[in-house]
K.L.:
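Just passing along the structure, written as structure tokens.
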2 protein chains.
Amino acid sequence: MRIGELARRTGISERALRYYEEQGLLRPARRPSGYRDYDEGAVDTVRDIRTLLAAGLPTALIAELLPCMVNGTAGLAPGCPELVPYLEKERDRISAAIDDLARTRSLLNAIIAATPPENPNPPVCDREPAVELATR
Amino acid sequence: MRIGELARRTGISERALRYYEEQGLLRPARRPSGYRDYDEGAVDTVRDIRTLLAAGLPTALIAELLPCMVNGTAGLAPGCPELVPYLEKERDRISAAIDDLARTRSLLNAIIAATPPENPNPPVCDREPAVELATR
DNA sequence: CTAAACCCTCACGTTGGCGTTAAGGTCAAG
DNA sequence: CTTGACCTTAACGCCAACGTGAGGGTTTAG
């Protein structure tokens, strides 16, 4: 398929798809005209790329990681044990990020719950503090 | 205290602290010399800023949110119900981010677990695919 | 009184993941 | 054979959260 269809099927802009290729994440075939020609597996690959990007992995690492994933059968290929330290590092970073996000979400929820509803004529503020901040 | 001490006590660079002020997140007093003069509460405020920043909240929203937090007693002040929609939006975004991170972490863990250990003389690849990708 | 440490305000540079023209080829339909 | 949809490369723009000097004042210790 050409780039437009892949963009529609993945929801990713054409610009982003060209960028992924520039970064070595996608390697579409080329037609005589120069048009990019993607196979069906590209749809899944793009989805994987998005998942990894959303997790904060840099494109350079994703580029090395993708060849370790067998596209069609959704399996893992051997041969990249040298990546493991990086993956462990990313995993730990992700764990820390999850913890931080969870704490912040609790904070936001507490603030939302404690916020007084819309009041056109608010009384003087004499309420007690209601939410613990500084979640250390 | 001056900016250097605050930087040491928070672990945040002086440049970042000046940037936070530029964005309206901190409002230190000024000495006749022009030097910034922070009170003790600034340490906690900086920590809150970092937590919220780490969760992806933009400085503009943090600037509106901070006045709703009573610094010393660690409580919540009323008077900002108009922020609630934004907070709910951020909370939902954070929830989605957590889910995505958790999925990616599982993916990374699976890859790590399935990666063959260092093998200077690897056999021909005839193993079965071991990891499910495309965690939709 | 001087040196060192500390602080100030510009103001440009960096990084990543794209968005956005600009200036043009390709291809199927009418 | 022209229109219009689709594609190409090239290249500049953007945003956030700072980093990194440049060039110069302030405070403190000896």
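Numbered from 1 within each chain, the chains take letters A, B, ... in sequence-line order. Not measured: the values here are computed from a predicted model.
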K.L.:
Closest approach to the side chain of B/Ser33, judged atom by atom: which nucleotide of D/dT27, D/dT8, C/dC18 is it?
P.N.:
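Nearest to the side-chain atoms of B/Ser33, counting from C-beta on, is D/dT27.
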K.L.:
What is the separation between atom CG on A/Leu17 and atom C1' on C/dG17, rounded to the nearest whole Å?
P.N.:
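Whole-Å distance recorded here is 13 Å.
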K.L.:
Any side-chain N or O of A/Arg36 less than 4.0 Å from the OP1 or OP2 oxygen of D/dT8?
P.N.:
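For D/dT8, OP1 or OP2 has a side-chain N or O of A/Arg36 closer than 4.0 Å.
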K.L.:
Let me know, please, whether B/Arg31 or B/Pro58 comes out on the 5' side of the other along DNA chain D by nearest nucleotide.
P.N.:
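Taking each residue's closest nucleotide, the earlier one in sequence belongs to B/Pro58.
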K.L.:
Quick one: is D/dC18 close enough that its OP1 or OP2 comes under 4.0 Å of any side-chain N or O from B/Ser13?
P.N.:
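Negative; the distance criterion is not met.
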K.L.:
If I take atom CD in residue B/Glu22 and atom C1' in nucleotide D/dG19, what distance separates them, rounded to the nearest angstrom?
P.N.:
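It is 14 Å, rounded to the nearest whole Å.
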K.L.:
Are A/Glu90 and A/Pro58 side-chain neighbours, meaning at least one heavy-atom pair lies under 4.5 Å?
P.N.:
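The answer is yes; the side chains approach within 4.5 Å.
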K.L.:
Given atom CD of A/Glu21 and atom C1' of D/dC7, what is their separation to the nearest angstrom?
P.N.:
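Computing the A/Glu21:CD to D/dC7:C1' distance gives 13 Å.
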K.L.:
For A/Arg2 and D/dT8, what is the distance between atoms CZ and P respectively, to the nearest whole Å?
P.N.:
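It is 9 Å, rounded to the nearest whole Å.
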K.L.:
Between D/dC7 atom C1' and A/Asp37 atom CG, what is the distance in whole Å?
P.N.:
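Answer to the nearest Å: 12 Å.
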K.L.:
Does A/Arg18 reach a base, just sugar-phosphate, or nothing at all? Heavy atoms under 4.0 Å.
P.N.:
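Here A/Arg18 touches the bases of the nucleic acid.
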K.L.:
Does C/dC18 have its OP1 or OP2 closer than 4.0 Å to a side-chain nitrogen or oxygen of A/Arg50?
P.N.:
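For C/dC18, OP1/OP2 do have a side-chain N/O of A/Arg50 under 4.0 Å.
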K.L.:
What nucleic acid atoms does B/Gln23 come within less than 4.0 Å of, heavy atoms only: base, sugar-phosphate, or nothing?
P.N.:
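Touches nothing.
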K.L.:
Looking only at side-chain N and O atoms, does A/Tyr19 come under 4.0 Å of OP1 or OP2 in C/dG17?
P.N.:
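Yes.
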K.L.:
When you look at B/Tyr38 and B/Arg9, which way does the side chain to side chain donor-acceptor pair (under 3.5 Å) test go after all the steps?
P.N.:
CA-CA 12 Å; B/Tyr38 299 91; B/Arg9 289 176 56 180; over 6 Å; no
K.L.:
Please report, rounded to the nearest Å, how far the P atom of D/dC6 is from the CG atom of A/Leu6.
P.N.:
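For the pair A/Leu6 CG and D/dC6 P, the rounded distance is 15 Å.
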K.L.:
Could you check if a side-chain atom of A/Leu108 sits within less than 4.5 angstrom of a side-chain atom of B/Glu88, using non-hydrogen atoms only?
P.N.:
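The answer is no, as the side chains (C-beta and beyond) never meet within the 4.5 Å cut-off.
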K.L.:
Quick check against the 3.5 Å criterion: does B/Asp48 have a side-chain atom that pairs as donor or acceptor with the backbone of B/Thr51?
P.N.:
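Judged by distance alone, no pair lies under 3.5 Å.
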K.L.:
B/Arg30 has a side chain; which of D/dT8, D/dC6, C/dC8 sits nearest to it?
P.N.:
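So the nucleotide nearest the side chain must be C/dC8.
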K.L.:
Out of C/dC7, D/dC18, C/dC18, which has the shortest distance to the side chain of A/Arg15?
P.N.:
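For the A/Arg15 side chain, the nearest candidate turns out to be C/dC18.
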K.L.:
Before accepting this row, confirm whether a basic side-chain N of the pair A/Arg18/A/Glu22 lies closer than 4.0 Å to the acidic partner's carboxylate O.
P.N.:
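Salt bridge: no.
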K.L.:
Nearest to the side chain of B/Tyr35, heavy atoms from C-beta on, is which of D/dC18, D/dT27, C/dT26?
P.N.:
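The listed nucleotide nearest to B/Tyr35's side chain is D/dT27.
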K.L.:
Please give, in whole Å, the distance from D/dC7 C1' to A/Glu14 CD?
P.N.:
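Roughly 8 Å, once rounded to whole Å.
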K.L.:
Output the single nucleotide from C/dC7, D/dC7, D/dC18 whose closest atom is nearest the side chain of B/Tyr20.
P.N.:
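The listed nucleotide nearest to B/Tyr20's side chain is D/dC18.
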K.L.:
Could you give the CG-to-P distance, from A/Leu53 to C/dG17, as a whole number of Å?
P.N.:
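Distance, rounded to whole Å: 6 Å.
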